[in-house]
There are 2 protein chains.
Amino acid sequence: MTRSYFINEKGDEITFQLFPEHYVMGNVHSLLFNEPSKFVYQALEDTKVYVIDNESFQNVILQNPRFLDLNRMDFNNMPLKQAFRRVESFVLLSPEERYLKYMNDYPSVINRAPDKYIANVLGITPVSLSRIKGRITAKRLR
Amino acid sequence: MTRSYFINEKGDEITFQLFPEHYVMGNVHSLLFNEPSKFVYQALEDTKVYVIDNESFQNVILQNPRFLDLNRMDFNNMPLKQAFRRVESFVLLSPEERYLKYMNDYPSVINRAPDKYIANVLGITPVSLSRIKGRITAKRLR
DNA sequence: CTCATTTGTTATCTTTTGTTATTGTCGAGC
DNA sequence: GCTCGACAATAACAAAAGATAACAAATGAG
């Protein structure tokens, strides 16, 4: 389980992404955008780290048109597609619906990452996430 | 000025992106993801349309490592980078801050696209956007 | 120009969220 | 065992957002 986050103006850590196993968290900013990353990358559990220099990476791009598949082992979920889906979820869904979708898409993350991280990923506060969880279980019991 | 939108469960059109001139709106889904697009692409003003088949596009990818720069004429704003920035704005900013940032980033869109489109892009309702605009001008007059 | 449609603003009400503070739980370390 | 710190749940309050309706302004077709 890995985590990427940045620091906002107030100095708080804002979690941007959480990856369970079989995902590769790449430093997309420095590799693709050719600029220093705003993100801090953190391993929440034991994790393999591969280091690749920019030039080698350019060669990977040139030789492999599917280099964008970097983010997932099964080469079926490109960063761009992930990002599109995520923007879609913000445009189309309410926070509660977003949480339900996240639970469905990344079930292995839900019970292993702290809720305060997940709240950031969903674009809401930890308190709001707690309330949403409460509403959902209340509905479930009814 | 062009627009991409999809249809939600209720049957409403939800605007996903708005592009001013000098941007190229590409059908990323069908070309990159190799799947039919959920989006409808619409020209709000006179627009040049280029059609490219999938095979030719694969060649473009293979021959040009910067193919991702598709979305902007000045080749400085890749779709992935745009998508990352947009997710960032949802994670970090309030709806009002998001609108101010959008005004700053796409000033030419603000006064030419209907607010109901812009509201969708920002992930809020048109009514809410109208109130946000009201709050901002109220602050400006104070 | 006129009429009909669309779009934007405003008001009202309800729901949700953010903020802050409090409480309880759990685990690490002493 | 005890304390301390981190995290989640909850409450209370204010602020904002969603839904809806009514009205005004702008747009477009004829």
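Each chain gets a letter, A, B and so on, in the order its sequence line appears, and its residues count up from 1.
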Enquirer: Report each atom pair, protein N/O against N/O of nucleotides 6-9 of chain D, whose distance is under 3.5 angstrom.
Expert:
residue: dC7(D); atom: OP1; partner: Lys116(A); partner atom: NZ; Å: 3.1
residue: dC7(D); atom: OP2; partner: Lys116(A); partner atom: NZ; Å: 2.5
residue: dA8(D); atom: OP1; partner: Asp115(A); partner atom: N; Å: 2.5
residue: dA8(D); atom: OP2; partner: Lys116(A); partner atom: N; Å: 3.4
residue: dA9(D); atom: OP2; partner: Ser130(A); partner atom: OG; Å: 3.4

Enquirer: Would you mind reporting whether Leu44(B) and Thr2(B) have side-chain heavy atoms less than 4.5 Å apart?
Expert: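 No, side chains not in contact.
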
Enquirer: Under a 4.0 Å threshold between the charged nitrogen and the carboxylate oxygen, would Arg85(A) count as salt-bridged to Asp105(A)?
Expert: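 No.
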
Enquirer: Examine Arg3(A) relative to Tyr5(A) and say whether NZ or CZ is less than 6.0 Å from the centre of the six-membered ring and inside a 45° cone about the ring axis.
Expert: yes

Enquirer: Distance check, rounded to the nearest 0.5 Å: Ser89(B) atom OG versus Tyr102(B) atom OH?
Expert: 10.5 Å

Enquirer: Dump the intermediate steps for salt bridge (charged side-chain N to carboxylate O under 4.0 Å, His left out) on Glu88(A) and Lys101(A), then the final yes or no.
Expert: CA-CA 12 Å; Glu88(A) 270 182 49; Lys101(A) 177 175 163 55; over 6 Å; no

Enquirer: Check residues 92-99 of chain B and write down every donor-acceptor pair under 3.5 Å in which the side-chain atom is one partner and the other belongs to a residue at least two apart or another chain.
Expert:
residue: Ser94(B); atom: OG; partner: Glu97(B); partner atom: N; Å: 3.3
residue: Ser94(B); atom: OG; partner: Glu97(B); partner atom: OE1; Å: 3.3
residue: Glu96(B); atom: OE1; partner: Arg135(B); partner atom: NE; Å: 3.1
residue: Glu96(B); atom: OE1; partner: Arg135(B); partner atom: NH2; Å: 3.3
residue: Glu96(B); atom: OE2; partner: Lys139(B); partner atom: NZ; Å: 2.7
residue: Glu97(B); atom: OE1; partner: Ser94(B); partner atom: N; Å: 2.8
residue: Arg98(B); atom: NE; partner: Leu122(B); partner atom: O; Å: 3.2
residue: Arg98(B); atom: NH1; partner: Leu93(B); partner atom: O; Å: 3.1
residue: Arg98(B); atom: NH2; partner: Leu122(B); partner atom: O; Å: 2.9

Enquirer: Output yes when Lys81(A) and Glu35(B) qualify as a salt bridge under the 4.0 Å nitrogen-oxygen rule, no when they do not.
Expert: yes

Enquirer: Taking Ser128(A) for its side chain and Thr125(A) for its backbone only, find out whether a donor-acceptor pair lies under 3.5 Å.
Expert: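 Side chain of Ser128(A) to backbone of Thr125(A): no pair is present.
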
Enquirer: Output yes when Lys116(A) and Glu13(A) qualify as a salt bridge under the 4.0 Å nitrogen-oxygen rule, no when they do not.
Expert: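 Salt bridge: no.
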
Enquirer: Could you run down the sub-3.5 Å N/O contacts of the protein with nucleotides 15-17 of chain D?
Expert:
residue: dA17(D); atom: OP2; partner: Arg135(B); partner atom: NH1; Å: 3.4
residue: dA17(D); atom: OP2; partner: Arg135(B); partner atom: NH2; Å: 2.9

Enquirer: Which is the 5'-most and which the 3'-most nucleotide of DNA chain C that has an atom under 4.0 Å from a heavy atom of chain B?
Expert: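 First-to-last contact on DNA chain C, by the 4.0 Å heavy-atom rule, is dT7(C) to dT12(C).
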
Enquirer: Donor-acceptor check, side chain of Thr47(A) to backbone of Glu45(A), threshold 3.5 angstrom: yes or no?
Expert: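 Checking the backbone N and O of Glu45(A) against the side chain of Thr47(A), a donor-acceptor pair under 3.5 Å is found.
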
Enquirer: Look only at the side chain of Ser130(B) and the backbone of Pro126(B), and say whether a donor-acceptor pair between them is shorter than 3.5 Å.
Expert: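 Side chain of Ser130(B) to backbone of Pro126(B): no pair is present.
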
Enquirer: With sequence neighbours excluded, what pairs up with Phe6(B) under the ring-ring contact (aromatic ring centres under 6.0 Å, His included) test?
Expert: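 ring-ring contact (aromatic ring centres under 6.0 Å, His included) check on Phe6(B) returns Phe16(B), Phe39(B).
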
Enquirer: For the helix from dC1(C)-dG30(D) to dC30(C)-dG1(D), measure the angle between the helix axis at one end and the axis at the other, each built from five pairs, rounding to 10°.
Expert: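 About 50° separates the two local helix axes.
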
